[in-house]
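Notes for the one structure printed next.
Computed from heavy atoms alone, side chains included, the values below leave out hydrogens, waters and symmetry copies.
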Amino acid sequence: MPPSFVSEPVRVRVPATSANLGPGFDALGLALTLYDDVAAWVAPTGCRVEISGEGAGELPTGDDHLVVRAMRAAFDALGGQPPGLVVEAVNRIPQARGLGSSSAAIVAGVTLARALVVDGAARLDDAAVLRLAAELEGHPDNVAPCLLGGATIAWSDPDGGARAVRLPVAPEVRPTVLIPEERGLTAVARAALPATVPHADATRNAGRAALLVHALTTDPALLLPATEDRLHQPYRATGMPATAAVVNELRAADVAAVVSGAGPTVLALTPVPDGLLPGIGWTAQRLAIDVAGARVDRGRLGHAERDPVAAGRKS
Ligand code: HSE
C-alpha cells in the first residue's frame with residue numbers, strides 16, 4: 001500500500017556524535033549536546049532545502065542534499081515517495097571534522113521521512129531505522145548514538161543489519177571536543193588503514209575496548225588506559241599530525257584523549273585543564289552527553305530550534 005502523508009511539518013533535533021572512543025573502532029560511540037535541527041514537510045512538487053549555520057552556501061540545496069537522500073531511501077522503505085519536499089536545516093555540527101555531521105543528516109532524514117508517513121512507525125520500526133541509517137552511512141558507530149543518545153555499542157548481525165545497545169554513562173565522564181579548522185574526510189582516513197594488523201595489537205585493543213565499557217559506566221578513573229588504541233589512530237596520525245600531537249600531549253598529561261571518529265577533532269573524556277587547550281586554529285567546546293538521541297516533534301523550527309546557544313554551540 002502506498003503511504004499517506006502527514007500534511008503538517010515535522011522536525012527533529014539530532015546530536016553530534018563521536019565514534020570509536022579510542023579502541024572501539026566502528027563499534028563504540030557517544031552522543032554530545034551539540035545539535036542540528038531539521039524540519040521537513042510535503043510539498044505539491046519539487047525539492048527545496050534551506051540551510052543556515054554550518055554548511056550554508058556550501059551544501060547542495062536539492063535532491064543531492066544528504067538529508068533528502070536519506071529521506072528518499074526511507075520513503076522507498078516506507079512504500080513510496082511524496083510529490084514534493086521542503087527541508088529546513090539549522091546546522092551547528094561542524095562538517096567533516098569527525099563529529100558525525102553526516103550521520104546526523106542521515107538520522108534526521110530517516111526519522112523525518114518516517115514521521116511524515118501517517119503509519120510510519122508501523123512501516124519502519126526503530127530497529128529498521130537503525131539498520132537503514134547504518135547502511136546509508138556505511139558503519140553504525142555514529143548513527144547508533146545519534147538515534148539512541150548516550151554511549152552505544154553497535155555491531156552488525158550476520159545478515160549485515162546493524163544493532164546497538166545503550167550504556168549508562170557515569171557522571172564523571174565530561175567530554176570536551178577540540179575542533180581544528182582543517183577538515184578531514186572519513187573515506188581518506190579509512191583508506192589509510194591496513195588490511196591486516198598484528199595479532200598483538202588486536203589483542204590489546206580487544207582488552208582496552210572491554211575495559212572502556214567498564215570505565216565509561218562504572219569507573220572513569222580507568223579512562224586513560226581504557227582509551228588506548230592500536231588499530232586506527234596510529235595509521236591515521238601522519239594524515240593529521242596536529243591532531244595526533246594534541247592527543248599525545250593530552251594523554252601525557254593524564255587526560256583521556258582520543259581522535260573523534262575519523263578525525264581531525266580530538267575528544268577528551270576527562271576534563272582538559274585550560275593550560276592544555278590548543279590555541280590558534282582550534283575551537284574548544286566543553287559539552288555534556290546527550291541522553292535523548294534524535295527527538296522528533298510536530299511543526300516547523302521555532303525560536304528555540306534556531307537559537308545557536310541553546311543548542312550547545314558557542315556563538
Ligand atoms: N568508525 C569510523 C571510522 C567513524 O573511524 O572510520 C567515522 O566517523
* To do: State whether a side-chain donor-acceptor pair under 3.5 Å links Asn205 with Asp229.
  => yes

* Can we say Arg298 and Glu8 salt-bridge, meaning some charged N sits less than 4.0 Å from an Asp/Glu carboxylate O? -> no

* Scan side-chain atoms only and decide if Glu137 and Asn142 contain a donor-acceptor pair under the 3.5 Å cut-off. => no

* Asked: For residues Thr61 and His65, is any side-chain donor paired with an opposing acceptor at under 3.5 Å?
  -> no

* Asked: Is the number of heavy atoms from other residues, nucleotides or ligands under 6.0 Å of Arg190 CZ greater than 12?
  -> yes

* Lys NZ or Arg CZ of Arg295 over Tyr35 ring: under 6.0 Å, within 45° -> yes

* **Arg251-Thr227 side chain donor-acceptor pair, cut-off 3.5 Å** => yes

* **Atom pair CZ (Arg174) and CZ (Arg286), whose distance is rounded to the nearest 0.5 Å** => 8.5 Å

* Compare all side-chain heavy atoms of Arg92 with those of Asp37 and state whether any distance is below 4.5 angstrom. => yes

* **Pair Arg48 + Glu88, salt bridge at N-O below 4.0 Å** => no

* Asked: Do the charged groups of Glu58 and Arg183 touch, with an N to O distance under 4.0 Å?
  -> yes

* To do: Begin from the C-alpha positions of Ser260 and Thr265 and carry the test side-chain hydrogen bond (donor to acceptor under 3.5 Å, both in side chains) through to its verdict.
  => CA-CA 5 Å; Ser260 181; Thr265 290; 5.6 Å; no

* **By ring pair (Phe, Tyr, Trp, His ring centres under 6.0 Å) - contacts of His139 (at least two apart)** => none

* Would you please test Arg13 and Glu305 for salt bridge (charged side-chain N to carboxylate O under 4.0 Å, His left out) and show each step? => CA-CA 8 Å; Arg13 171 163 280 194; Glu305 291 79 30; 5.4 Å; no

